[in-house]
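Sequence lines set the chain letters: A, B, ... in the order given, protein chains first and strands last, and positions in each chain run from 1. Only a predicted model underlies this, so the values are computations on that prediction, with no experimental measurement involved.
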There are 2 protein chains.
Amino acid sequence: MFIKNLPHKTVERLSQYRRALLMILSKEKTHVFSHEIAQMLHITPVQVRRDLMLIGYSGNLRKGYDIKELIELIGKIIDSERGQRVAVVGLGNLGKAFISYFKGKRSKLSMIAAFDINPEKINRVFDGVPCYHINQLTDIIKQNNISIGIITVPSEQAPEIAESLVLSGIKGILNYTPKPLNVPAYVYLEEYDMITSLEKVAFFAKKNDERFK
Amino acid sequence: MFIKNLPHKTVERLSQYRRALLMILSKEKTHVFSHEIAQMLHITPVQVRRDLMLIGYSGNLRKGYDIKELIELIGKIIDSERGQRVAVVGLGNLGKAFISYFKGKRSKLSMIAAFDINPEKINRVFDGVPCYHINQLTDIIKQNNISIGIITVPSEQAPEIAESLVLSGIKGILNYTPKPLNVPAYVYLEEYDMITSLEKVAFFAKKNDERFK
DNA sequence: CTTTTATTGTTTATTTATTAACAATGATAA
DNA sequence: TTATCATTGTTAATAAATAAACAATAAAAG
């Protein structure tokens, strides 16, 4: 399904809507109102309705949105029809955390491989994901048509890993190291640094505190 | 130091500027141009200059910005003068990742305590951080005047942990579970979900790929 | 049958964030 | 001394994101 130029933030929220909807799906409810979704995610009902408008979904005036239908539609929009395969590079704590957290999550993404240099980890399986030596990276990625790479290695090694990933034909990179990477324009890059997040929380917590006291 | 209403994004970038500046500080350079900072972080030089304008920092027309001075000024603005203490709740892979990643990072934030329910972890020290049982959470937080909490427990437990943190007087929470939390307005809450990030990368990687092929 | 109510869908307004434009500066070279 | 150059600092313009406003609708109540 094709919708032109969905805003970045809307894409992010669609993923969150789906997650939230899956959580309440079990609870024998079949429909949900925009303000209920909004409350779950700390946003406004207008925001929700606007996003749903953008993806062309219509709810029922009296009952709200059909949960199952909406989950399905979001999938049609944000998932790739043929699925996408993912690899984690770096099986330290963060890499392991990602894999175990990913485990059992539905969706069209499948975690295919992990890479490390530690001999104790290589050729073992972690939460269903086999670990290979980093020097097999290109081969495994090409063979399995893996299109997304998650970088969780020590930051010094991040640039060379990124380069290998790009050369192996990866399409998107999620970088969890504090080292900003350079990749060609045809590779989508997202960077996240935990310390930056923490410092942001610290700043606004301090500020908030001053405001409320 | 006080600057009124620094934009959210600017605060985030200030933290990144500092990180980047600390990285190049060693390299015997004393000054840096806006376009150099920009290149490191994949943003525009104007963005950098604008942010620095907002915090009232002036560079040298010919030499650029004094790296040490700028690092110091950013510290005065985003750090709390008296420092802030941090605790991690949940010592699984993600909690451990956070602690080990945090280790050795300067800044006015100090990691004081970790909490878990696993007896094998309790009363041990991880990367310099002592682990306590969760039922000691309130006591330890109050005793040590901890103001920031990071939640890395399984998502079902997140709401009760958040509640305990709030009752213990925490000022800011960084939630890494996919369960959105509710906290009073005087507590600053930041939520991050790895799967959402991954789905976003998957979406834009797919889109990018179509555009470039 | 009419009014009230709660909701959706959409347009318009506002706010926030980014980018463009350009004057001012002062070192360097002509 | 004068012109050239690369840079900063700031204002103005644009774009992206959010929120407000409100008509349309259909169920329920009177």
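Closest to the side chain of A:R62, from the set D:dA26, C:dA20, C:dG9, is D:dA26. The listed nucleotides are C:dG26, D:dA17, D:dA19; the one nearest the side chain of B:L61 is C:dG26. Nearest nucleotide to the side chain of A:V46, out of D:dA19, D:dA17, C:dT7: D:dA19. Considering only side-chain atoms of A:K9, the nucleotide from C:dA17, D:dT11, D:dA17 that sits closest is D:dA17.
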query: After noting the C-alpha distance and the side-chain angles of A:E156 and A:K179, does the key distance pass the salt bridge (charged side-chain N to carboxylate O under 4.0 Å, His left out) rule?
result: CA-CA 8 Å; A:E156 318 83 68; A:K179 182 99 187 172; over 6 Å; no

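B:S34 comes within 4.0 angstrom of sugar-phosphate atoms only, judged by non-hydrogen atoms across all strands, and of no base. Contact annotation for B:S58: backbone-only contact, meaning every heavy-atom pair under 4.0 Å involves sugar-phosphate atoms and none involves a base.
Residue A:E36 contributes atom CD, which lies 14 Å from atom P of C:dA6 at whole-angstrom precision. The CG-P distance, from A:L6 to D:dA15, rounds to 19 Å in whole Å. Between the CE atom of A:M53 and the C1' atom of C:dT11 there is a distance of 8 Å, rounded to whole Å. Rounded to whole Å, atom C1' of D:dT10 lies 16 Å from atom CD1 of B:I55.
Positionally, the nearest nucleotide of DNA chain D for B:G64 lies more toward the 5' end than for the other of A:T10 and B:G64.
Summarising the geometry, atom NE2 belonging to B:H35 is positioned 13.5 Å from atom CD1 belonging to B:I43; distances are rounded to the nearest 0.5 Å.
A salt bridge links B:D79 to B:R18: at least one charged side-chain nitrogen sits closer than 4.0 Å to a carboxylate oxygen. With respect to B:E81 and B:K76, no salt bridge is recorded, no charged nitrogen being found less than 4.0 Å from a carboxylate O.
Checking the phosphate oxygens (OP1, OP2) of C:dA21, no side-chain nitrogen or oxygen of B:R50 falls inside 4.0 Å.
Residue-to-nucleotide contacts include no donor-acceptor pair under 3.5 Å from the side chain of A:R49 to the base of C:dT7.
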